Student: 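Take this structure, written in structure tokens, and hold onto it; I'll ask about it next.
Since we're looking at a predicted model, the values are computed, not measured.
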Amino acid sequence: YGTYRDGDWFGDNPEGQPFNGFTKEKTYGMTLGGPIVKDKLFFFANYEKFEQAAPGADLSTTPLGKANGQFTLADVTRAQEIAQGYGIDAGGLESNGDTNMEEYALKLDWNISDNHRASVRYSKIDQSKLRINGMTTSSASLNSYWYQHNKTNESYVAQVFSDWTDNFSTELKASYREYSAIRAVNTNAPSIRIYFGGTQAAPSGDSLYLGTEVNSQDNILETKAWNYYAAATWTLGDHDVKFGASYDTNDIYNYYGANSWGTFTFYGLNNFANGIWSTYDYAPERSAGSIAADYKYSNLALFVQDTWYVNSNLTLTMGVRADRADTSPAPAYNATASAFFGNDNSKVLSNKFLVQPRFGFNYTFDTERPTQLRGGVGLFQGDAPQVWLSNSYSATGFNNSVYAYTSYNPALPFNPSKDGQPVPTTPGSNLQNVNFVGSDFNMPSVYKANLAFDHETPWYGIVASAELLVTKVKDGLYYQNL
């Protein structure tokens, strides 16, 4: 199978400018499946590739497309010339990359016997997407400020289903997943933003970006996750009792170095040409790789559930689940910051179980057309807030130095290379960034309740439903700047 679209097939936008989303776009792939051993072993395979050539930016909504924009294409040209004088290739407004995605999948199903079966799945997705930053109603950017987001997601899953007796069955599952997301940039220059309004002390208005986008100055995320799951279902008369456990681990490497190459703002092109900046932010790592958060997250879950078929109309489901999350190793202890704020920065999670009771019901009415009343209530733990947990490892006070200036200092001259940024020597200018997790922190959780009524109408089997949903947060995230 396949599809194809050409950029020339699109009309102009409402401002009369030609379509700039891409020049051509195509998707093609195939699926194949069948038996390997008759009635025993089967396979299914899938391949798909997506290609989008030269995705571009729509300039019509930026200052370059507005009637009252504060800078023009001539200003862009001069900014490029000034940057070239510094040895920076600022790039242009045209696309400098494509978007591609390639996907593979393979599944094997094995009928071991009449009572046992197994499956193995493999999948991989490779994606490279051009990310165009800085295009807003008050700003535009040159393509040196854009980046290529390269992602890989590869997973393996194995499952075994077994019916040991007429009333006892089990399910075993193990899975492994590797994920990476890396921002590939086009230059070694710091982040540069040129304002065309306001004053040197307080630049404002429309602006032009070039250099390396601030959040893409060292940005690598890699995870390796294992999941182990075991469950059993035991039928006891009118009851199906399901119980089991799961254990998850995730090795996380998050290298996020915002401002680690330097970030400058300038008021006007003349100040840019003369290296007179308005603000300067710099957060270099203190040693090679010290910015990275490198830790393991784990979660143990235990659960039991009873499904009770009270009669032909009423089914009740009652259960409880307990989750215990943990991280290791502990973040580097910062004695000075911990003593000052009265909190231990090396403590992350309490390592306690969160018990989550749940109840549900389903009642089917004896009516001509299928009609049911259903509902439930319970407590549910949310996903781990990995960005917040990661901050405990990447903000211990030892990862990087933090410098911030809001007015020009000639002792700190603009440097066009990430490796030559000026380092302040004024006592007290080197700040620490330290993250704490409160001693009363609990994993996010929410109470959920619903009540619904479903009825099949006389028209083509259409089912009409009305449902009430109620949620209440038990433990939510709260952030405070100390």
Side-chain angles (χ1 to χ4, degrees), residues 118-121 123 153 155-164 168-179 223-236 239-252 254 293 295-308 316-330 347-361 376-390 392-393 437-450 471-477:
S119 68
V120 177
R121 288 176 292 163
S123 65
N153 192 344
S155 65
Y156 306 79
V157 182
Q159 290 178 281
V160 178
F161 304 89
S162 299
D163 296 323
W164 300 98
F168 186 75
S169 61
T170 59
E171 177 188 351
L172 302 176
K173 182 175 76 170
S175 65
Y176 175 72
R177 174 178 176 266
E178 283 192 16
Y179 173 82
T223 65
K224 297 179 180 180
W226 282 95
N227 168 259
Y228 308 93
Y229 173 87
T233 301
W234 190 11
T235 300
L236 298 170
H239 296 262
D240 284 342
V241 180
K242 184 175 183 178
F243 55 93
S246 69
Y247 183 66
D248 299 89
T249 66
N250 196 354
D251 291 313
I252 298 171
N254 187 10
Y295 67 102
K296 174 179 286 188
Y297 171 84
S298 63
N299 188 80
L300 172 64
L302 307 173
F303 61 89
V304 61
Q305 175 181 292
D306 179 17
T307 302
W308 179 18
L316 302 179
T317 303
M318 297 158 284
V320 62
R321 176 185 172 106
D323 285 270
R324 185 185 69 188
D326 195 15
T327 61
S328 63
K347 302 295 184 183
V348 182
L349 298 178
S350 63
N351 201 27
K352 296 179 180 178
F353 276 102
L354 173 65
V355 179
Q356 305 150 73
R358 297 165 187 179
F359 171 79
F361 75 93
V377 62
L379 177 64
F380 298 85
Q381 177 176 290
D383 289 336
Q386 294 294 358
V387 171
W388 302 82
L389 301 181
S390 174
S392 293
Y393 292 85
V437 176
S439 58
D440 59 347
F441 176 82
N442 293 315
M443 293 292 287
S445 60
V446 60
Y447 292 104
K448 296 182 180 181
N450 78 303
T471 61
K472 182 179 180 181
V473 174
K474 178 181 181 293
D475 290 301
L477 295 176

Student: Ion pair present between Asp323 and Arg321, side-chain N to carboxylate O less than 4.0 angstrom?
Tutor: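 The answer is yes: the pair qualifies as a salt bridge.
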Student: Within the 4.5 Å heavy-atom criterion, are Leu349 and Tyr297 side-chain neighbours or not?
Tutor: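 The answer is yes; the side chains approach within 4.5 Å.
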Student: Might you point out which heavy atoms bring Ser246 and Asp248 nearest each other, and give the distance in Å?
Tutor: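 Minimum heavy-atom separation between Ser246 and Asp248: OG-OD1, 4.0 Å.
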Student: Between Asn153 (side chain only) and Tyr179 (backbone N and O only), is there a donor and an acceptor less than 3.5 Å apart?
Tutor: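 A pair under 3.5 Å: no.
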Student: Thr223 versus Gln386: any side-chain heavy-atom pair under 4.5 Å?
Tutor: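 Sidechains of Gln386 and Thr223: no contact.
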Student: If you count every heavy atom of other residues, nucleotides or ligands that lies below 6.0 Å from Lys474 atom NZ, does the total exceed 12?
Tutor: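 Result for NZ/Lys474: enclosed.
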Student: Is there a side-chain contact between Leu389 and Val348, using heavy atoms and a 4.5 Å cut-off?
Tutor: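 When only atoms from C-beta onward are counted, Val348 and Leu389 do touch, with a gap below 4.5 Å.
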Student: Any side-chain heavy atom of Trp388 within less than 4.5 Å of one from Pro444?
Tutor: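 When only atoms from C-beta onward are counted, Pro444 and Trp388 do not touch, as no gap falls below 4.5 Å.
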Student: Is any side-chain heavy atom of Phe161 closer than 4.5 Å to a side-chain heavy atom of Ser169?
Tutor: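 Contact flag for Phe161/Ser169 side chains = no.
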Student: Working to the nearest 0.5 angstrom, can you tell me the gap between Asn227 CG and Tyr247 OH?
Tutor: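 Interatomic distance, Asn227 CG to Tyr247 OH, rounded to 0.5 Å: 11.5 Å.
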Student: Given Arg324 and Asn351, is the side chain to side chain contact (heavy atoms under 4.5 Å, CB included) satisfied, shown in steps?
Tutor: CA-CA 6 Å; Arg324 185 185 69 188; Asn351 201 27; 3.4 Å; yes
Student: Could you give the distance from CG (Asn299) to CG (Asn250), rounded to the nearest 0.5 Å?
Tutor: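 That separation rounds to 11.0 Å.
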Student: Okay, side chain of Arg358, backbone of Leu379: is any donor-acceptor separation there less than 3.5 Å?
Tutor: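 Looks like yes, one N/O pair under 3.5 Å.
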Student: For Ala245 and Phe303, which heavy atoms make the closest approach, and how far apart are they?
Tutor: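 Minimum heavy-atom contact is N-CE2, 3.5 Å.
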Student: Counting C-beta onward and ignoring hydrogens, is there a side-chain heavy-atom pair between Ile252 and Ser390 closer than 4.5 Å?
Tutor: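 No - every pair of side-chain heavy atoms lies 4.5 Å or more apart.
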Student: What distance separates Trp226 CH2 from Ser175 OG, expressed to the nearest 0.5 Å?
Tutor: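 It is 8.5 Å, given to the nearest 0.5 Å.
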Student: For residues Gln356 and Gln381, report the shortest heavy-atom separation together with the two atoms involved.
Tutor: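 Taking Gln356 first and Gln381 second, the nearest heavy atoms are OE1-N, 2.9 Å.
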Student: CZ/Phe168 to OG1/Thr233 distance, rounded to the nearest 0.5 angstrom?
Tutor: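 Nearest 0.5 Å value for the CZ-OG1 distance: 8.5 Å.
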Student: Got His239 and Trp234 here, is their nearest side-chain heavy-atom distance under 4.5 Å?
Tutor: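 Counting from C-beta outward, His239 and Trp234 never come under 4.5 Å.
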Student: Answer yes or no: is there a donor N or O on one side and an acceptor on the other, between the side chain of Tyr393 and the main chain of Pro329, under 3.5 Å?
Tutor: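 Confirmed, Tyr393 side chain pairs with Pro329 backbone.
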Student: Enter the distance from Leu300:CG to Phe353:CZ here, rounded to the nearest 0.5 Å.
Tutor: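 These two atoms lie 4.5 Å from each other.
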Student: Taking all non-hydrogen atoms of both residues into account, name the closest pair between Lys242 and Ala231 and its distance.
Tutor: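 Minimum heavy-atom contact is CE-CB, 4.0 Å.
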Student: Evaluate the criterion side chain to side chain contact (heavy atoms under 4.5 Å, CB included) for residue pair Asp475 and Phe441; output intermediate values, then yes/no.
Tutor: CA-CA 8 Å; Asp475 290 301; Phe441 176 82; over 6 Å; no
